[in-house]
Amino acid sequence: MAGNKFQTEEMMTRCVPMSCIQAILGGKWKIIILWYIAFYKVQRFGELMRRLDGITQSSLTKQLRELESDGFLHRKIYKEIPPKVEYSLTELGQSFTPILNQMMIWSEQHLCPPDYVNPYGNKKFLE
């Protein structure tokens, strides 16, 4: 796992499982990056940049590299001009999709305004 502030000995003694997942998903954009890649199956860097309004190129690069290093993402590089890179979920990343689905459902029920209409419908990742 990529090292960060959530991997200190003090944090790890509090609750190991939650500290471990926090260490991986602690970045501002990581959950939504995983969600988009899970939903669309494959995403290119430019597609993610367009979807993640407000993210900088350097932040996206850093978060993608950390998710790849932590085993959640697979990065496929095509040797062509201009260079093409695609991101998809690894087996570990795919095992996290039911949790992403539950987070989406919970957020719709408890955080979104009553008149919110999900533009993605009720599609689940594992159908």
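Computation of the quantities below employed the complete heavy-atom set of this structure, encompassing side-chain atoms and omitting hydrogens, waters and symmetry-equivalent molecules.
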Item to check | Backbone N/O of Gln94 and side chain of Thr97: donor-acceptor pair under 3.5 Å | outcome: yes
Checklist entry - Tyr36, Val85: one ILVMFWY side-chain cluster at the under-4.5 Å cut-off? => result yes
Next on the checklist: Among residues at least two apart in sequence or on other chains, which ones pass salt bridge (charged side-chain N to carboxylate O under 4.0 Å, His left out) with Glu47?
Outcome noted: none
Checklist entry - Restricting to pairs with a member in residues 74-94, which pass ring-ring contact (aromatic ring centres under 6.0 Å, His included), not counting sequence neighbours? => result none
Checklist entry - Between Ile37 and Leu89, what is the shortest heavy-atom contact and its length? => result CG2-N, 3.8 Å
Next on the checklist: Please check if the number of heavy atoms outside Met18 that lie under 6.0 Å from its CE is greater than 12.
Outcome noted: no
Checklist outcome for this item: Hits for side-chain contact (heavy atoms from CB on, under 4.5 Å) against Pro119, two or more places apart or cross-chain, chain-then-number order -> Tyr116
Checklist entry - Mind checking what makes side chain to side chain donor-acceptor pair (under 3.5 Å) contact with Arg51, not counting sequence neighbours? => result Tyr40, Gln43
Checklist entry - Transitive ILVMFWY cluster of Val117 at side-chain heavy atoms under 4.5 Å: who else is in it? => result none
Next on the checklist: Suppose we screen for side-chain contact (heavy atoms from CB on, under 4.5 Å). Which residues come up paired with Gln109, at least two apart in sequence or across chains?
Outcome noted: Ile105
Checklist entry - Can you name the closest pair of heavy atoms from Ala38 and Leu100 and give their distance? => result CB-CD1, 4.3 Å
Checklist entry - Is Trp106 isolated, or which residues cluster with it under the ILVMFWY side-chain rule of less than 4.5 Å, directly or via members? => result Leu111
Checklist entry - If you group Ile, Leu, Val, Met, Phe, Trp and Tyr by side-chain heavy-atom gaps below 4.5 Å, do Leu67 and Ile99 land in one group? => result yes
Checklist outcome for this item: For Ser95, the side-chain contact (heavy atoms from CB on, under 4.5 Å) test, sequence neighbours excluded, returns Leu92
Next on the checklist: Filter on salt bridge (charged side-chain N to carboxylate O under 4.0 Å, His left out), then keep only pairs touching residues 76-85, sequence neighbours left out; what's left?
Outcome noted: Lys84-Glu86
Checklist outcome for this item: Sequence neighbours excluded, the answer for side-chain contact (heavy atoms from CB on, under 4.5 Å) partners of Ile81 is none
Checklist outcome for this item: Across all chains, not counting sequence neighbours, the ring-ring contact (aromatic ring centres under 6.0 Å, His included) partners of Phe96 are Phe72
Just list the side-chain donor-acceptor pairs under 3.5 Å for residues 52-65, sequence neighbours left out, or say none.
{"from": "Thr56", "atom 1": "OG1", "to": "Ser58", "atom 2": "OG", "distance (Å)": "3.3"}
{"from": "Thr56", "atom 1": "OG1", "to": "Ser59", "atom 2": "N", "distance (Å)": "3.1"}
{"from": "Thr56", "atom 1": "OG1", "to": "Ser59", "atom 2": "OG", "distance (Å)": "3.0"}
{"from": "Thr61", "atom 1": "OG1", "to": "Gln57", "atom 2": "O", "distance (Å)": "2.9"}
{"from": "Lys62", "atom 1": "NZ", "to": "Glu66", "atom 2": "OE2", "distance (Å)": "2.9"}
{"from": "Gln63", "atom 1": "OE1", "to": "Trp29", "atom 2": "N", "distance (Å)": "3.1"}
{"from": "Gln63", "atom 1": "OE1", "to": "Lys30", "atom 2": "N", "distance (Å)": "3.2"}

